[in-house]
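Here the structure is a predicted model, which is why all the values come from computation and not from measurement. Both backbone and side-chain heavy atoms feed into the values below; hydrogens, waters and symmetry mates do not.
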Amino acid sequence: MFAKLAVSVATSFFLSQTPAAIELMQNWEKTNITASSKKLDYEQLSYNVCYFLKLATYQITHITTQLQDYEKKEFQDFLNTLKQAKAVAKKRIQKNNLECDKNVYYSLLASSHILEALLDDEFFALTGGYKMPQDFLGFGKGLA
């Protein structure tokens, strides 16, 4: 009985609010939902970046012959892109302090380290390549 009375009072109170208050509340709900969905989209995009970096690195670790000069140039360009992305990721960590930004940064560290090793002729001659780490993010965290 008390529950019905409480619902009735709450409904009456809500219906008696001014149209401006109702509009304000609706706008707040839209903004809150939009911000929440944007954060989820951002996190999903960040995890996609991590996945694709891991996939690219996996493919790179399966190179078993020394690189030709034109291949080295392509990989060097990719490495430069990774370095730029690391600077952006670091700024986002400082600004947002989100776990997904940290994961992107760690993935970038791991990928660039492996790529640098692959581009090092001496290292490649000694080892014949680079094995993909079992824990890719953990490997990147260890490099941080």
Validation row: Leu82, Leu53 side chains within 4.5 angstrom (heavy atoms): yes

Closest approach of Arg92 to Asp101 (non-hydrogen atoms, all atoms of both residues): O-OD2, 3.5 Å

All ring pair (Phe, Tyr, Trp, His ring centres under 6.0 Å) counterparts of Phe136, not counting sequence neighbours: none

Leu137/Ser107 under side chain to side chain contact (heavy atoms under 4.5 Å, CB included): CA gap, chis, key distance, verdict: CA-CA 6 Å; Leu137 280 178; Ser107 295; 3.4 Å; yes

Cationic N near anionic O, under 4.0 Å, Asp77 to Lys73: yes

Side chain to side chain, Phe139 and Gln134, heavy atoms closer than 4.5 Å: no

Rounded distance [0.5 Å steps], CG in Leu55 versus CD1 in Ile60: 10.0 Å

Approximate separation, where rounding is to 0.5 Å, of Tyr106 OH and Glu99 CD: 7.0 Å

Interatomic spacing from CG in Leu115 to NZ in Lys83 - rounded to 0.5 Å: 9.5 Å

Any side-chain heavy-atom pair of Tyr47 and Val104 under 4.5 Å: no

Nearest heavy-atom neighbours spanning Ile93 and Lys102: CD1-CA, 3.8 Å

Atom CG of Asp135 with >12 non-hydrogen neighbours under 6.0 angstrom: yes

Tyr70 and Glu74: CA distance, side-chain angles, deciding distance, side chain to side chain contact (heavy atoms under 4.5 Å, CB included) verdict: CA-CA 6 Å; Tyr70 73 92; Glu74 288 178 15; 4.1 Å; yes

Validation row: Lys86, Ser112 side chains within 4.5 angstrom (heavy atoms): yes

Any donor-acceptor pair under 3.5 Å from Glu71 side chain to Gln68 backbone: yes

Nearest-0.5 Å distance that lies between atom CG in Asn96 and atom CD in Gln94: 10.5 Å

Distance, nearest 0.5 Å, that separates CD1 of Ile114 from CG of Leu109: 11.0 Å

Gln84 and Asn80: CA distance, side-chain angles, deciding distance, side chain to side chain donor-acceptor pair (under 3.5 Å) verdict: CA-CA 6 Å; Gln84 292 171 353; Asn80 291 337; over 6 Å; no

Close side-chain approach of Asn103 to Ser46, heavy-atom, < 4.5 Å: no

Heavy-atom neighbours of Lys54 NZ exceed 12 at 6.0 Å: no

Leu108 backbone acceptor or donor facing Ser111 side chain under 3.5 Å: no

Any Asn48 side-chain heavy atom under 4.5 Å of Phe52 side chain: yes

